Amino acid sequence: MEKVQAVITGTGRYLPEKILTNHDFEKFLDTSDEWITTRTGIKTRHIADDNQATADLAYYAAENAIKDAGIDKNDIDLIIVSTFTPHMPLPSTACFVQEKLGIAGCGAFDISAACSGFIYGMSIARQFIVGGIYKNILLIGAETMSRFTDYKDRGSCILFGDGAGAIVISAQEQSDKGIIYTKLAADGSGWPLLHIPAGGSHRPASVQTVENREHYIKLKGREIYKFAVQKMQELIEDAMVQNNLSVEDIDMIVPHQVNKRITDSACGHLGFPTEKVFLNISQVGNTSAASIPIALDQAMEEGKVKQGDTILMVAFGAGLTWASAVIKM
Ligand SMILES: CC(C)(COP(=O)(O)OP(=O)(O)OC[C@H]1O[C@@H](n2cnc3c(N)ncnc32)[C@H](O)[C@@H]1OP(=O)(O)O)[C@@H](O)C(=O)NCCC(=O)NCCS
């Protein structure tokens, strides 16, 4: 066991008040509540107000996590925000969050690994803690997906929602708790399956890119579906083997909320009963990097994840990227 453990000492989330239901989509798209529910498990998703953007959602979630951890915000040594829908292209969303918290001085940066971003961030944070560099790290997954969603594309727009989740990761000596395992992976050749074509240096914004709707998420859903079922299953099996865990040893899987059918298929195949898989996708949809920390905070609040539990996180998304983590809460 490492001398210093990276322990999750606080969780928090923020979901904007406005709710978009499947019936709302029926008013402007050729779709139905029945199709969306049976194909994805999603019923509603939260949408940011016009005056809210990613740093605002991130800040509210962060405040809740800091309160839950019971630390002074001035004791935060580093802020990491996982997002692909930043507040602005420059500077990082983490710097905006730091300003809102009023704690100038500590390091602050963003990472981009799409839906796997939160686990990538946890892996980075864990290294800083077990290496003895920092004592308290604020890690946030935050997305304003609605600003990059094409509400004329029925194959993708029904999936996404806005929100933020945050955790405080703290150094604890000789603890039996902590982030005990993370695995990160990617295959860059899969980028065409899920991307935003314009707005970066490759294809800067122009009248033409806007007219072509190139600033919105382009998704090949059917291909991602197959990849996701396979990767979710592989990641869970691998994490169990690497950590010598059986289905009985794992109290809860907290997966990226991508599609209920994907999770049911992968977890069911491995013998996990539904009560060992935390799902809130019906209420929040897919919030990318925010998905896992929102789910974790809700699971803790509902008493479905408790202190001392062993939980397994799995995620996959654009890149393509995929990642897993095992945590003793
Ligand atoms: C997007 C997704 C829900 C589509 O479900 P699916 O069962 O794969 O559906 P398909 O894409 O095969 O489409 C089936 C039919 O439904 C239609 N359809 C697509 N979206 C629809 C909608 N919102 N309402 C009604 N019909 C729709 C398609 O046009 C297609 O019609 P066709 O057979 O006449 O061509 C599913 O593929 C998925 O969840 N993929 C992964 C999601 C993802 O990538 N998330 C982000 C990365 S983490």
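Every number for a ligand or one of its atoms is a count from 1 in the order of the listing. Everything numeric here is computed off the predicted structure, so don't read it as measured data.
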Contact bool for [atom] (protein heavy atom, d < 4.0 Å):
| atom | result |
| --- | --- |
| atom 2 (C) of ligand 1 | no |
| atom 39 (O) of ligand 1 | yes |
| atom 32 (P) of ligand 1 | no |

Between [Y] and [X], do the side chains contain a donor N or O and an acceptor N or O under 3.5 Å apart?
| X | Y | answer |
| --- | --- | --- |
| Asn259 | Thr40 | no |
| Lys328 | Gln5 | no |
| Tyr60 | Gln52 | no |
| Asn212 | Thr209 | no |
| Glu143 | Thr85 | yes |
| Tyr181 | Asp238 | yes |

Pick whichever of [options] has a heavy atom sitting closest to [atom].
| atom | options | answer |
| --- | --- | --- |
| atom 37 (O) of ligand 1 | Gly285, Gly221, Ser291, Ser32 | Gly221 |
| atom 5 (O) of ligand 1 | Phe160, Trp35, Tyr225, Phe25 | Trp35 |
| atom 43 (C) of ligand 1 | Ile224, Val229, Thr321 | Ile224 |
| atom 17 (C) of ligand 1 | Glu223, Arg154, Lys231 | Arg154 |

Can you tell whether the side chains of [X] and [Y] come within less than 4.0 Å, N to carboxylate O?
| X | Y | value |
| --- | --- | --- |
| Lys135 | Asp77 | no |
| Lys43 | Asp33 | yes |
| Glu301 | Arg13 | yes |
| Asp30 | Arg154 | yes |

**Request:** Identify the residue among Asp309, Ile180, Ile8, Leu296 that makes a side-chain contact (heavy atoms from CB on, under 4.5 Å) with Ile327.
**Result:**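 Per the side-chain contact (heavy atoms from CB on, under 4.5 Å) rule, the option paired with Ile327 is Ile8, out of Asp309, Ile180, Ile8, Leu296.
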
**Asked** So among Leu57, Asp49, Thr144, Asp56, which one has a side-chain contact (heavy atoms from CB on, under 4.5 Å) with Pro16?
**Response**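 For Pro16, the side-chain contact (heavy atoms from CB on, under 4.5 Å) test succeeds with only one of Leu57, Asp49, Thr144, Asp56, which is Leu57.
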
Proximity flag [X] to ligand 1, non-hydrogen atoms under 4.0 Å:
| X | result |
| --- | --- |
| Ala228 | no |
| Ile36 | no |
| Lys220 | no |

Report the part of [X] (side chain from C-beta onward, or backbone N, CA, C, O) that has a heavy atom under 4.0 Å from ligand 1; answer both or neither where that applies.
| X | answer |
| --- | --- |
| Phe316 | backbone |
| Leu219 | side chain |
| Leu194 | side chain |
| Asn259 | side chain |

Within the 4.0 Å heavy-atom shell around [X], which atoms of ligand 1 are there?
| X | answer |
| --- | --- |
| Thr40 | 3 (C) |
| Gly155 | 1 (C), 20 (N) |
| Arg261 | 7 (O) |
| Val258 | 45 (N), 48 (S) |
| His256 | 48 (S) |
| Cys115 | 48 (S) |

Write out the residue and atom name of the closest protein heavy atom to [atom], then the distance separating them to 0.1 Å.
| atom | answer |
| --- | --- |
| atom 13 (O) of ligand 1 | Arg222 NH2, 3.7 Å |
| atom 46 (C) of ligand 1 | Asn286 ND2, 3.6 Å |
| atom 42 (C) of ligand 1 | Leu159 CD1, 3.9 Å |

Ligand 1 N/O within reach of [X] N/O, cut-off under 3.5 Å:
| X | value |
| --- | --- |
| Thr31 | yes |
| Arg39 | yes |
| Ile262 | no |

**Prompt:** Taking the side chain as C-beta and beyond, is there a heavy-atom pair between Ile311 and Ile253 under 4.5 Å?
**Reply:**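 No, their side chains stay 4.5 Å or more apart.
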
**Request:** Please confirm whether Phe128 and Tyr134 have ring centers closer than 6.0 angstrom.
**Result:** yes

**Prompt:** Do the ring planes of Phe84 and Phe148 sit parallel (below 30°), tilted (30 to 60°) or perpendicular (above 60°)?
**Reply:** tilted

